[in-house]
Amino acid sequence: MEQLLRVQNFCVSRDGFGTGEHQSLERPFGHADPGPLFAWAGATASWPNRTDPGGSRGLDDYFTRDFTHNIGAEIMGRNKFGPQRGPWADHEWQGWWGDEPPFHTPVFVMTHHPRPSFTLSDTTFHFVDDDPAAVLAAAREAAGGKDVRLGGGATTIREFLDAGLVDTLHVAVAPLDLGSGVRLWRAPEELLDRFHLEVVPSPSSGVTHHLFWRR
């Protein structure tokens with residue numbers, strides 16, 4: 001079976017930004033508050049960090065529950081791993097994701113400054129300096145026949161879109177504006193030369209789910 005490259009549950013503001021400006025160790029999303037961007041998923045019964053019973057069911061819960069389905073590897077940009085730019089100053093620091101990262105698969109971090117791979121729990125991070133097609137080939141091999149998730153951020157997703165490598169995208173558009181930051185798009189219609197699109201509003205959360213699949 002074909003191994004798909006999938007963007008899943010990627011959140012952007014109404015004006016198309018996936019994160020704000022001035023990212024730092026303390027503020028992974030820069031000036032943007034990630035709470036409103038991700039509130040739709042956090043309210044669901046299937047949110048993995050839920051500590052209390054309950055949570056919503058329905059459309060938002062379906063997407064939250066589907067996040068790990070048939071995923072064998074993830075690709076992310078360096079600034080989804082951490083805020084450092086340039087050569088690595090500290091190999092002891094192992095990213096924002098803690099001792100139990102949520103991926104549970106090999107993760108390929110795209111960077112111009114490779115460093116040795118390391119494993120936290122059941123997630124191994126590999127640091128690769130290569131073009132999108134080569135990174136995808138390595139991730140597919142590591143995925144063991146399953147699909148590969150393209151985790152972001154927005155710049156990395158655009159690189160793979162421009163290379164014609166993305167098969168499906170699910171983008172959740174939150175009902176707020178950021179004004180500036182790292183942009184995924186100015187309008188989702190930019191992708192219609194390459195993708196079919198269905199737009200499904202969520203009555204429970206107010207987000208609008210955009211579902212793209214390759215033409």
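The figures here come from the full heavy-atom set of this structure, side chains too, leaving out hydrogens, waters and symmetry mates. Nothing fancy with the numbering, it's 1 onward along the sequence.
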Self-check item: Heavy-atom pair of closest approach, residues R57 and S46
Solution: NH1-OG, 3.9 Å
Self-check item: Side-chain (Q8) to main-chain (D66) donor-acceptor, under 3.5 angstrom
Solution: yes
Self-check item: Residues forming a side chain to side chain donor-acceptor pair (under 3.5 Å) with R65, sequence neighbours excluded
Solution: D61
Quiz item: Do the side chain of Q3 and the main chain of D147 share a donor and acceptor less than 3.5 angstrom apart?
Solution: no
Quiz item: Does H196 NE2 have over 12 foreign heavy atoms under 6.0 Å away?
Solution: yes
Quiz prompt | Minimal non-hydrogen separation, Q84 against D90, with atom names | solution = NE2-N, 3.9 Å
Practice problem: Taking R85 for its side chain and P83 for its backbone only, find out whether a donor-acceptor pair lies under 3.5 Å. | Solution: yes
Exercise. Using a 4.5 Å cut-off on heavy atoms from C-beta on, say whether the side chain of L197 contacts that of L191.
Key: no
Practice problem: Specify the closest pair of heavy atoms between P48 and T64, including all atoms of both residues, with the distance to one decimal. | Solution: CD-CG2, 4.5 Å
Quiz item: Taking C-beta and beyond as the side chain, do V171 and P188 meet within less than 4.5 Å on heavy atoms?
Solution: no
Quiz prompt | NZ-NE2 distance between K146 and H69, expressed to the nearest 0.5 angstrom | solution = 9.0 Å
Quiz item: So with a 6.0 Å cut-off around CG of D99, is the heavy-atom count from everything else above 12?
Solution: no
Quiz prompt | E190 atom CD: more than 12 heavy-atom contacts under 6.0 Å | solution = yes
Exercise. Would you please test E159 and M110 for side chain to side chain contact (heavy atoms under 4.5 Å, CB included) and show each step?
Key: CA-CA 11 Å; E159 289 179 4; M110 296 183 69; 4.0 Å; yes
Practice problem: Give the minimum heavy-atom separation between T105 and G72, together with the two atoms involved. | Solution: CB-O, 3.5 Å
Quiz item: About how many Å separate CZ of F125 and CD of E74, when rounded to the nearest 0.5 Å?
Solution: 8.5 Å
Self-check item: Spatial distance of atom CZ (F29) from atom CG (L178) [nearest 0.5 Å]
Solution: 10.0 Å
Quiz item: Are L4 and I75 linked, directly or through other ILVMFWY residues, by side chains that come within less than 4.5 angstrom of each other?
Solution: no
Self-check item: Shortest non-hydrogen contact between V207 and A174, atoms and distance
Solution: CG1-CA, 4.2 Å
Self-check item: Student check: side-chain heavy atoms of T208 and S202 closer than 4.5 Å
Solution: no
Quiz item: Do L120 and W97 come within less than 4.5 Å of each other through their side chains, counting heavy atoms only?
Solution: no
Quiz item: Of the options T156, T155, T111, which is the one that meets R78 in a side chain to side chain contact (heavy atoms under 4.5 Å, CB included)?
Solution: T111
Exercise. Just grab all the ring pair (Phe, Tyr, Trp, His ring centres under 6.0 Å) pairs involving residues 127-155, residues at least two apart or on different chains.
Key: F81-F127, W88-F127, F118-F127
Quiz item: Any chain of hydrophobic side-chain contacts (each under 4.5 Å) joining I157 to L136?
Solution: yes
Practice problem: Assess R149 against F103: is NZ or CZ under 6.0 Å from the centre of the six-membered ring, and within 45 degrees of the ring's axis? | Solution: no
Self-check item: All pairs passing side-chain hydrogen bond (donor to acceptor under 3.5 Å, both in side chains) where residues 115-139 contributes a residue, at least two apart
Solution: E100-S121, H104-D122, H112-D129, S117-H126, T119-T124
Quiz prompt | P28 side chain near K80 side chain, heavy-atom distance below 4.5 Å | solution = no
Quiz prompt | Min side-chain heavy-atom separation Q23-V182 under 4.5 Å | solution = no
Self-check item: side-chain hydrogen bond (donor to acceptor under 3.5 Å, both in side chains) pairs, two or more places apart, involving residues 171-188
Solution: R14-D177, E21-S180
Quiz item: Can you get from L184 to V199 by hopping between Ile, Leu, Val, Met, Phe, Trp and Tyr side chains that sit under 4.5 Å apart?
Solution: yes
Self-check item: In one Ile/Leu/Val/Met/Phe/Trp/Tyr side-chain cluster, 4.5 Å: V7, L192
Solution: yes
Quiz item: Which atoms form the tightest heavy-atom contact between F17 and G179, and what is the distance?
Solution: CE1-C, 3.7 Å
Self-check item: side-chain hydrogen bond (donor to acceptor under 3.5 Å, both in side chains) contacts in which one or both residues fall within residues 27-42, not counting sequence neighbours
Solution: none
Got a list of side-chain donor-acceptor pairs under 3.5 Å for residues 161-170, not counting sequence neighbours?
unit_1: D167; atom_1: OD1; unit_2: R214; atom_2: NE; d: 3.2
unit_1: D167; atom_1: OD1; unit_2: R214; atom_2: NH2; d: 3.1
unit_1: D167; atom_1: OD2; unit_2: L5; atom_2: N; d: 2.8
unit_1: H170; atom_1: ND1; unit_2: N9; atom_2: N; d: 3.0
unit_1: H170; atom_1: ND1; unit_2: N9; atom_2: OD1; d: 2.9
unit_1: H170; atom_1: NE2; unit_2: H209; atom_2: ND1; d: 2.8

Quiz prompt | Cluster overlap F160 with F108, hydrophobic side-chain contacts below 4.5 Å | solution = yes
Quiz prompt | Backbone N/O of T44 and side chain of R50: donor-acceptor pair under 3.5 Å | solution = yes
